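All figures in this text were calculated on a predicted structure; none of them were measured in a lab. In this chain, residues are counted from 1 in sequence order.
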Amino acid sequence: MSRTLRRLPLLLLAPLLLGAGLTPQEERGRRIYVDSTSPSGAEITASLGQGVEVEATAVPCASCHGRDGKGRPEGGVTPTDITWSSLTKPYGVVHPGGRRHPPYDERSMRRAVAMGFDPAGNELHVAMPRYRMSRQDMDDLVAYLKRLGEETDPGVGETALRIGLLPPPPGPLEPMGRAVRAALAARLAAVNADGGIYGRRLDLVPLEVPPGDRRAGVAAALQRQEVFAAVAAFLTGENAGLAAAFQEARVPLIGPFTLHPREDLPLNRYVYHLQPGTESQARALVRFVRQDPGAGAPRPAVLAPREKELDAAVETVEKACQRWAPLTVLRYERAPFSPDMLAAKLSAEKADPIFFLGSGAEAAGLARALETLGRHPRLLVTGAAAEAELFSLGASFGGRIYAALPAPAALEAPAAARYRALAEAHALPSEHLSAQLAALAAAEVLIEGLKRAGRDLDRESFVETLEGLRQLQTGYSPPVSFGAGRRLGAQGAYVYAVERTGGLAASGIWIDAE
């Protein structure tokens, strides 16, 4: 089969789920244990000794004892294993430091949480906060502690693991969604043909979301269809709301399609973005042009549609240009788009370089209007504008157009060979190649994470495993790294010049934007 692997950037990059088997009371207790927030909205405070009190959200139980209750040594302190089976051993408990006590019961557990004493009356370690909360919240917390460490996450079976896929809503993206589904199904089928992962096959489960409120539909589908994790979800247009639905359901999501991957605080620890979005691409473009500012004093300008989603990208350019050169900021309406007016303003400012955050058609219209005025400034665009219409201006702009792409424009030979073999074996469509490759990158992260997490699998250990990935080579994306405070796998962009003959240069430069 003959096909090209040269590609344009992906233009798309361009009710609470109850834990498995948890009662409503246990689920409320889980929220208190994990976040130290009361489902009723009541106040929960923590005493750190010597009269120091803080909001309990600063020191939730899970931060020291772990999501599984078994504790994680940190800073010379080894938190106690507080799983109920460990605390209620009939012959009592002996701690590494020699402290002994009889088994806990519900009453002594309440006293330990509120007052800091074990069943023998021994004072707990000074690092253990004392929590003040309502009686209802305490009852809920204790109910959950009796289940801690015994939960089986949805989607985990003895012989199969259910992996969710959120397709795009009905409309123009549906063909792309079908191509993504075909590529993912092919990759998982290849894994299953090799015996799966620790004897489990990977089942791809498209989430069934009815028309209407998409966020509510996704939340309901995650609960109803019981997937362990998800890959390559289409979040376009509803990024924040849909990402929050995965967070509330505690379903890890790898490689969603969105132009605006966010790492706002508080961090959404369940959503892992692989490729840089508009903000990282814009930052990379500024760094790129500053490395070779050209002759004369720079007069940079940034243009972007007047859309809230692009505010962060504009702010990124503004910060990146600080202490370099005064920046002209122009926001414009897309309907109607008036390139002549924008070109006149830029010409009057003698703007060069111009960072453009709109579409390819808009960038091309602006370039033509500038050319009419005899101006040929450097035009630097993000992946959303890397379209054929813009590339056709290569001759007149003489190598002064640059595009930042979230992934390399051409695959290295090993990855290209892997894709060809997969495409031929499963008759993958020739359309939407960029989307397929982005989905396959997400699949590689999923597979590697599952392998490293081991047979005894749960979502929290899987999340922690993903956080430990460093410079993972998927072959279809930039190297991917995550961390406890990082959910964007690659921060930067590949910057390509547009050749005089049209199209991208044969090779690009990776510009790190961290």
Can you give me every donor-acceptor pair (side chain of residues 438-447, partner residue at least two apart or in another chain, under 3.5 Å) with its distance?
from, atom 1, to, atom 2, distance (Å)
Glu444, OE2, Arg187, NE, 2.5
Glu444, OE2, Arg187, NH2, 3.4

Please indicate whether Arg135 has more than 12 foreign heavy atoms, meaning atoms of other residues, nucleotides or ligands, lying under 6.0 Å from its CZ. no
Any Val113 side-chain heavy atom under 4.5 Å of Met133 side chain: yes
Shortest non-hydrogen contact between Arg130 and His125, atoms and distance: NH1-O, 3.4 Å
Could I get the full list of salt bridge (Lys or Arg N to Asp or Glu O under 4.0 Å) partners for Arg201, not counting sequence neighbours? Asp203
Can you see which heavy atom on Trp84 is nearest to which on Glu106, and at what distance? CH2-N, 4.2 Å
Looking at side-chain heavy atoms only, is the closest gap between Leu145 and Leu148 below 4.5 Å? yes
Phe228 and side chain to side chain contact (heavy atoms under 4.5 Å, CB included): which single residue from Val251, Val205, Leu457, Leu202 fits? Leu457
Sequence neighbours left out, what passes side-chain hydrogen bond (donor to acceptor under 3.5 Å, both in side chains) with Glu467? Give chain and number order. Arg487
Compare all side-chain heavy atoms of Val180 with those of His432 and state whether any distance is below 4.5 angstrom. no
Which residues pass the side chain to side chain contact (heavy atoms under 4.5 Å, CB included) test with Ala185, not counting sequence neighbours? Leu204
May I have all residue pairs that pass salt bridge (Lys or Arg N to Asp or Glu O under 4.0 Å) and include part of residues 82-100, sequence neighbours excluded? Arg99-Asp118
Strictly distance-based, threshold 3.5 Å: is any side-chain N or O of Glu174 a donor or acceptor partner for the main-chain N or O of Gly171? yes
Flag if over 12 foreign heavy atoms under 6.0 Å of CD, Glu412: no
Would you check, one step at a time, whether the test side chain to side chain contact (heavy atoms under 4.5 Å, CB included) holds for Leu253 with Tyr270? CA-CA 6 Å; Leu253 169 59; Tyr270 290 94; over 6 Å; no
In plain terms, say whether Asp137 and Arg28 are close enough for a salt bridge, that is, a side-chain N and a carboxylate O under 4.0 Å apart. no
Glu307 atom CD, neighbour heavy-atom count above 12 within 6.0 Å: yes
Note: Ala384 and Leu259 closest approach over all heavy atoms is CB-CD2, 4.3 Å
Separation between CZ (Phe246) and CG (Leu207), nearest 0.5 Å, reads 6.0 Å
Any ring-ring contact (aromatic ring centres under 6.0 Å, His included) involving residues 161-207? Give me the pairs, sequence neighbours left out, ordered by first then second residue. none
Any side-chain heavy atom of Leu274 within less than 4.5 Å of one from Phe482? yes
To the nearest 0.5 Å, what is the distance between CD (Glu123) and CE (Met115)? 10.5 Å
Which atom pair, heavy atoms only, marks the closest approach of Leu469 to Arg452? CD2-NH1, 3.4 Å
If you look only at distance, which donor and acceptor atoms sit under 3.5 Å apart when one is on a side chain in residues 208-215 and the other is two or more places apart or in another chain?
from, atom 1, to, atom 2, distance (Å)
Asp213, OD1, Arg215, N, 3.2
Asp213, OD1, Ala216, N, 3.2
Arg214, NH2, Pro167, O, 2.8
Arg214, NH2, Phe234, O, 3.3
Arg215, NE, Gly241, O, 3.2
Arg215, NH2, Glu248, OE1, 3.2
Arg215, NH2, Glu248, OE2, 2.8

About how many Å separate CD1 of Ile254 and CG of Leu466, when rounded to the nearest 0.5 Å? 5.0 Å
Is there any salt bridge (Lys or Arg N to Asp or Glu O under 4.0 Å) pair reaching into residues 34-45, and which pairs are they, with sequence neighbours excluded? none
Okay, side chain of Asp81, backbone of Ser86: is any donor-acceptor separation there less than 3.5 Å? no
Is there a side-chain contact between Phe257 and Pro168 in this structure, where contact means two heavy atoms from C-beta onward sitting under 4.5 Å apart? no
Rounding to 0.5 Å, atoms CD (Glu226) and CZ (Arg224) come to a distance of 11.0 Å
Validation row: Met128, Pro79 side chains within 4.5 angstrom (heavy atoms): no
Just by distance, do the side chain of Gln436 and the backbone of Glu431 share a donor-acceptor pair under 3.5 Å? yes
Give me the ring orientation class for Tyr496 and Tyr494: parallel if the planes are under 30° apart, tilted from 30 to 60°, perpendicular past 60°. tilted
Side chains of Val227 and Leu222: closer than 4.5 Å at any heavy-atom pair? yes
Ser280: side chain to side chain contact (heavy atoms under 4.5 Å, CB included) partners, not counting sequence neighbours: Pro276, Arg283, Leu488, Gln491
Show, in sequence, the C-alpha distance, side-chain angles and deciding distance for Asp139 and Arg110, and conclude whether the side chain to side chain contact (heavy atoms under 4.5 Å, CB included) test is met. CA-CA 8 Å; Asp139 289 346; Arg110 290 187 179 91; 2.9 Å; yes
Donor-acceptor under 3.5 Å (Glu309 side chain, His260 main chain): no
For Gln136, what residues pass the side-chain hydrogen bond (donor to acceptor under 3.5 Å, both in side chains) criterion, not counting sequence neighbours? Asp140
Could you tell me whether Arg107 atom CZ has more than 12 heavy atoms of other residues or ligands within 6.0 Å of it? no
Rounded distance [0.5 Å steps], OG1 in Thr316 versus CD in Gln281: 11.5 Å
What heavy-atom pair brings Tyr33 and Ile82 nearest, and what distance separates the two atoms? CE1-CD1, 3.7 Å
Working to the nearest 0.5 Å, report the span between CD1 of Ile44 and OG of Ser38. 5.0 Å
Do the non-hydrogen side-chain atoms of Leu235 and Leu166 ever get within less than 4.5 Å of each other? yes
Return the set of residues passing side chain to side chain contact (heavy atoms under 4.5 Å, CB included) with Pro206 (not counting sequence neighbours), or none when no residue passes. Arg181
Under the side chain to side chain contact (heavy atoms under 4.5 Å, CB included) rule, what do Leu428 and Tyr419 come out as? Steps first, then yes or no, please. CA-CA 10 Å; Leu428 296 182; Tyr419 177 78; 4.0 Å; yes
Partners passing salt bridge (Lys or Arg N to Asp or Glu O under 4.0 Å) against Arg162 (at least two apart in sequence or in another chain): none
So, Ser461 side chain and Asp458 main chain: donor-acceptor pair closer than 3.5 Å or not? yes
Ion pair check, Glu27 and Arg30, cut-off under 4.0 Å: yes
Shortest non-hydrogen contact from Gly475 to Leu411? O-CD2, 3.5 Å
As a quick check of understanding, evaluate side chain to side chain contact (heavy atoms under 4.5 Å, CB included) for Arg455 and Arg200, giving each step before the final call. CA-CA 9 Å; Arg455 170 73 185 179; Arg200 293 189 181 102; 3.2 Å; yes
